[in-house]
Amino acid sequence: MTAIEPDTLMGPLWTLLAFVALGWLASRRLAIDPRPIATLLIYLIAPLTFFRALTLGGPTPSYLLLTLALFTASSLVALIFHRLARHFFAPEESAVLAFSSGTGNTGYFGLPVAMVLLPPKGVTFYLFCVLGVTLYEFTVGFYLSARGQFSARQSLVKILRLPLVYAFLAALMASGLGVEIPAAVIDGMAVFPATYTLLGMMIIGMTLGRVSIREVDGRFIGACVAIRYGLWPMLALGAVAGLQALFEVPAELVVALLLVGVVPMAANVVVVAMELGIAPGKGALAVLITTLAAPLVIPLYLTGMMRLAGL
């Protein structure tokens, strides 16, 4: 593997920032309310997107083990920071911080980068890692976010209403039972991944269009950046080192795991915060800052981490 140039990431970055700008214009000029769009993403577009991805990916026990490992890691990190953050931040801010600590922009930003850096097998490894992170977002992460405003029972009820979990189980059942989804159905759902990315990034811009200077919280943003670009790269490198000490790990899987650790903050931080009404403006500012830093941070981190991993 060779060093990664910042130019490699400029295409995905400018595309995503253009979507953010469109969202800002829609909010400022058209007065569009982003809350119904957040609901649409969570309850319709995300489940169909990941049902299609899991069906096409051909889940195997080894691939699903990646999904389980990333789900577990994300959940543990979020649970730890949920306990820590509530001692330093108000309930809403601590809920957003806890949610964001367990996830990253593995889909909207990371997938285009993975397709540039990795061969098809590596992209498949990466996709099943993304599924684990996304499953965390709409189960444990959603619960922790809801606890910033709702009781434990109300939060659990909200999780049970989320269709992404059922879409995940339906895809596994279809694969396990050998049920073949008609090609026309799969082709018809091909519009959802691009829609998911477009609307997910536009929501950041829509939220920023409503943010006032008073919502700039350096302490909160600093904590988000430290977790995303400080803790997660170390966790990813530690996981790779541990696996390499025990097994012969394919280079494609090493890069996929390292990429999960260095992507910017997740746009879904804003989507979930908007749906639950918990400090979406602060989340949007933190997401934007880490995304703007990505072209400089990711090549530096990935190149160094790949060398440390022996690639």
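The first residue in the sequence is number 1, and the count goes up from there.
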Would you say [X] and [Y] are hydrophobically clustered, going by side-chain heavy atoms of ILVMFWY under 4.5 Å?
X	Y	value
Tyr43	Leu41	yes
Leu65	Leu258	no
Val165	Leu160	no
Tyr166	Ile45	no
Val249	Leu308	yes

Where do [X] and [Y] come nearest, in terms of heavy atoms and distance?
X	Y	result
Ala174	Ile181	CB-CD1, 4.4 Å
Val263	Ile298	CA-CD1, 4.2 Å
Met206	Ala26	CE-CB, 4.3 Å
Pro233	Tyr301	CG-CE2, 3.2 Å
Gly122	Leu118	O-CD1, 3.6 Å
Met305	Leu237	O-CD1, 3.8 Å

Any chance you could measure [X], atom [atom1], to [Y], atom [atom2], to the nearest 0.5 Å?
X	Y	atom1	atom2	value
Phe50	Leu135	CZ	CG	10.0 Å
Phe71	Leu64	CZ	CG	13.5 Å
Phe168	Thr134	CZ	OG1	10.0 Å
Ser27	Met202	OG	CE	10.0 Å
Leu66	Leu131	CG	CG	10.0 Å
Leu285	Phe220	CG	CZ	9.5 Å

Counting only pairs under 3.5 Å, give me each side-chain donor-acceptor contact of residues 185-199, with atom names and distances, residues two or more places apart or in other chains.
| unit_1 | atom_1 | unit_2 | atom_2 | d |
| --- | --- | --- | --- | --- |
| Thr195 | OG1 | Val191 | O | 2.7 |
| Tyr196 | OH | Asn268 | ND2 | 3.0 |
| Thr197 | OG1 | Pro193 | O | 3.3 |

Can you tell me if [X] uses its side chain to pair, donor with acceptor, with the backbone of [Y] under 3.5 Å?
X	Y	answer
Thr72	Leu68	yes
Thr290	Pro264	no
Gln244	Ala309	yes

If we only count heavy atoms from C-beta on, is the [X] to [Y] side-chain gap below 4.5 Å?
X	Y	value
Leu17	Leu288	yes
Val20	Thr291	no
Leu70	Thr106	no
Val262	Leu259	yes

In a table with atom names and distances, give each donor-acceptor pair under 3.5 Å that connects a side chain of residues 98-105 to protein atoms at least two apart or in another chain.
| unit_1 | atom_1 | unit_2 | atom_2 | d |
| --- | --- | --- | --- | --- |
| Ser100 | OG | Val96 | O | 3.3 |
| Ser100 | OG | Leu97 | O | 3.0 |
| Ser101 | OG | Ala98 | O | 2.7 |
| Thr103 | OG1 | Glu137 | OE2 | 2.5 |
| Asn105 | OD1 | Tyr108 | N | 3.2 |
| Asn105 | OD1 | Phe109 | N | 3.1 |

Quick check: are there more than 12 heavy atoms from other residues, nucleotides or ligands sitting under 6.0 Å from [atom1] of [X]?
X	atom1	result
Arg86	CZ	yes
Phe88	CZ	no
Arg219	CZ	yes

ask   = Can you check side-chain contact (heavy atoms from CB on, under 4.5 Å) on Ser74 and Trp232, steps first, answer last?
value = CA-CA 10 Å; Ser74 296; Trp232 268 99; 4.0 Å; yes
inquiry  = Using the rule given for side-chain contact (heavy atoms from CB on, under 4.5 Å), can you reason through Thr139 versus Leu164, listing the C-alpha separation, both sets of side-chain angles and the distance that settles it, and then say yes or no?
reply    = CA-CA 9 Å; Thr139 52; Leu164 187 135; over 6 Å; no
